[in-house]
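What follows is a single structure, written as structure tokens, with notes after it.
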There are 2 protein chains.
Amino acid sequence: MPAGPTANPMRARFRRQVRDDVKRVALGQLATGGPQAISLNAIARELGVSGPALYRYVAGRDELLTALVVDAYDDLRDALAGALEAGAPPASARAARPVTRVARAYRQWALAQPHRYDLLFKPPIPGYDAHADERATAARSLMGVLLAASTASVPGGASAPDAEPGGAPPAYSHDAVLAERGSGSARFGLAVSVWSCLHGVASLECGGSFAAMRLDADALFEREVQVLEERIARSGPGSAAPSPG
Amino acid sequence: MPAGPTANPMRARFRRQVRDDVKRVALGQLATGGPQAISLNAIARELGVSGPALYRYVAGRDELLTALVVDAYDDLRDALAGALEAGAPPASARAARPVTRVARAYRQWALAQPHRYDLLFKPPIPGYDAHADERATAARSLMGVLLAASTASVPGGASAPDAEPGGAPPAYSHDAVLAERGSGSARFGLAVSVWSCLHGVASLECGGSFAAMRLDADALFEREVQVLEERIARSGPGSAAPSPG
DNA sequence: TCATAGTTGTTAGAGCCTCTAACACCAGCA
DNA sequence: TGCTGGTGTTAGAGGCTCTAACAACTATGA
């Protein structure tokens, strides 16, 4: 595997595309057989190439896994951002509130690819936190959208620091997320609470726990989102409960 | 591996103990290296026996994994039940409310063994739901304790169908859990909400998401539990929001 | 035009894993 | 004494990850 980025731009593009192919096949394996089913050998076979060739493009199985995690975070973030923008002010008045929209998108994303979703929350191996930084960065990026959504759902507090004139809720930039956390604002705490709640419901449903009890997951989810929105409404711009952090 | 239970009771006891040894070593591997680190070969080595010998006691790696899952559910349930009983009426008046006690025990159990906790919520492999029944039964058993705790935390609604005269909150029996779900009661819905919330926070913390953002997980958790208790208090015995089911 | 350096593929193989097959041993019992 | 069932062994098939050594191809500069 070449150390740095190849000088030749054609080569660079080629390398990028092969890497994407590898990840695409890996995603398929992940979907059908879980993380255990991801095998570099099998990927190579499917790509019509023989075994060790892949090591020119991927450092190893672990590196591939973390790449999948980072991609998943980004993909989920984009999905949520899309749902958030889809109902921004110049939209139908009947559009659901921001957090509700984002929550539904979150659940749908998780349900559509449960193993990929599950991958995001695997506990790290103690004493071996490889790639922890990349994961953390991607997670903060996701938090940015949740932060924007929670802020937009607070009645009277819809406009955030860098809101655009058009009124669309801003997807918080990475730096803004850091600043918001640092300030220990209630906004950030609320966003974390939203994430916890969404993750709890989505993860249990993905894991099959609801199905095992024959629960109506749709109704359950909608009720939780409703509770969440009420909680956000209660914690209006006046209340200033300090956020942990 | 012998098909049925061995006739000889000495043999049976021995078999059970060896199986426990296997699971004990597997738990160690799980704690230090995650599920991927669980290896029958390595377990055999550690037990001073050679490879295939373990197949006399364990059908295979998958079966061992599900056994670990079921055991974990039972262990977690016992921990929660202990926390629930620890503050039952003939206890200090300063004891926290039932759901708060159970919530703290839940979090501590998960944090003490993150990979074991994570194991409980792995999405099943599509089209291959081996041992789904055992898992579901164990999960319902866990729900029983959460149901008892939620019920006990509702002001004025502390006594449950089969409450003991002493006033100790009952750990719902398996049948009672099924009946309660079937009735579509608000109690059951509340218990599921409690579980979702607890799982959301515990899972995110186990996965390192909070640490990645330098959040104060203690404060965050306590606040969520507080919100949960308030929600339970609001949904007093009067309100009868139907539960999904 | 040709040599050279860098990139990308190949096969061979070490070492791990799961799990099966075939065989040896040993206790209890008719 | 010989049989049976439980338990261990080794051998081995087939999979995996990943490294090493080598062949081929490509772009570039003399």
Side-chain angles (χ1 to χ4, degrees), chain A residues 1-23 25-26 28-30 32-68 115 125 128 130-131, chain B residues 1-23 25-26 28-30 32-68 115 125 128 130-131:
Chain A
M1 201 174 53
T6 313
N8 188 327
M10 279 309 259
R11 284 243 178 270
R13 182 150 48 201
F14 178 73
R15 288 185 63 79
R16 217 175 314 138
Q17 187 184 323
V18 172
R19 245 187 94 95
D20 284 351
D21 284 347
V22 170
K23 292 198 281 190
V25 177
Q29 296 180 333
L30 177 65
T32 56
Q36 277 220 337
I38 295 181
S39 145
L40 286 182
N41 255 349
I43 294 173
R45 251 191 326 265
E46 182 145 341
L47 291 182
V49 88
S50 221
L54 290 195
Y55 288 82
R56 301 287 181 193
Y57 303 92
V58 163
R61 196 176 178 276
D62 271 19
E63 194 255 354
L64 174 59
L65 262 289
T66 35
L68 290 185
H115 281 111
I125 303 300
Y128 177 70
H131 320 108
Chain B
M1 202 174 51
T6 313
N8 188 329
M10 282 303 261
R11 285 242 177 270
R13 183 151 48 203
F14 180 72
R15 286 184 64 78
R16 217 174 313 139
Q17 188 185 324
V18 172
R19 245 186 95 93
D20 284 351
D21 284 348
V22 170
K23 292 197 280 190
V25 176
Q29 296 181 333
L30 177 66
T32 56
Q36 277 219 336
I38 294 181
S39 147
L40 285 182
N41 254 350
I43 294 173
R45 252 191 325 265
E46 182 145 340
L47 291 182
V49 88
S50 222
L54 290 196
Y55 287 82
R56 302 286 182 192
Y57 302 92
V58 163
R61 196 176 178 274
D62 271 19
E63 194 256 355
L64 174 59
L65 262 290
T66 34
L68 290 185
H115 280 111
I125 303 301
Y128 177 69
H131 321 109

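Every chain is numbered from 1, with letters handed out A, B, ... down the list of sequences. For the numbers below, each heavy atom of this structure counts, side chains included, while hydrogens, waters and symmetry mates do not.
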For [X] and [N], what is the distance between atoms [atom1] and [atom2] respectively, to the nearest whole Å?
| X | N | atom1 | atom2 | value |
| --- | --- | --- | --- | --- |
| B:Arg13 | D:dT7 | CZ | C1' | 19 Å |
| B:Arg56 | C:dC26 | CZ | P | 16 Å |
| B:Ile43 | C:dT18 | CD1 | P | 8 Å |
| B:Phe14 | D:dG5 | CZ | C1' | 15 Å |
| B:Gln29 | C:dC16 | CD | P | 14 Å |
| A:Leu54 | D:dC16 | CG | C1' | 13 Å |
| A:Tyr57 | C:dT7 | OH | P | 12 Å |
| A:Asp62 | D:dC16 | CG | P | 17 Å |

Please report the interatomic distance [atom1]([X]) to [atom2]([Y]), rounded to the nearest 0.5 Å.
| X | Y | atom1 | atom2 | value |
| --- | --- | --- | --- | --- |
| B:His115 | A:Ile125 | NE2 | CD1 | 4.0 Å |
| A:Leu30 | A:Lys23 | CG | NZ | 13.5 Å |
| A:Leu54 | A:Leu64 | CG | CG | 9.0 Å |
| A:Gln36 | B:Asp62 | CD | CG | 7.5 Å |
| A:Ile43 | A:Asp21 | CD1 | CG | 10.5 Å |
| B:Arg19 | B:Phe14 | CZ | CZ | 14.0 Å |

**OP:** May I ask you to check whether over 12 heavy atoms, not counting those of B:Glu46, lie within 6.0 Å of atom CD?
**Re:** no
Subject >> Short side-chain N/O contact from A:Arg45 to OP1 or OP2 of D:dG15, under 4.0 Å >> reply: no
Subject >> N or O in side chain of B:Ser50 less than 4.0 angstrom from D:dT10 OP1/OP2 >> reply: yes
Original post:
Nearest of D:dG8, C:dC19, C:dT10 to any side-chain atom of B:Tyr55?
Top reply: C:dC19
Subject >> Proximity to the side chain of A:Pro52 - top-ranked nucleotide from C:dA12, D:dT9, D:dT17 >> reply: C:dA12
Please give me the minimum heavy-atom distance between [X] and [Y], naming the atom from each residue.
| X | Y | result |
| --- | --- | --- |
| A:Leu68 | A:Ala26 | CD1-CB, 4.0 Å |
| A:Val58 | A:Glu63 | CG1-OE1, 3.5 Å |
| B:Gly51 | B:Ala44 | N-CB, 3.6 Å |
| A:Gln29 | A:Ser39 | OE1-N, 3.0 Å |

Original post:
How large an angle, rounded to 10°, do the end axes of the helix from C:dT1-D:dA30 to C:dA30-D:dT1 enclose when each is built from five base pairs?
Top reply: 30°
Subject >> Expected output: side-chain A:Arg56 to main-chain A:Arg15 donor-acceptor under 3.5 Å >> reply: no
Can you pull every protein N or O that's under 3.5 Å from an N or O on nucleotides 27-30 of chain C?
none

**OP:** Would you jot down, in residue-number order, the residues of residues 32-41 of chain A having a non-hydrogen atom under 4.0 Å from DNA chain D?
**Re:** A:Ser39, A:Leu40, A:Asn41
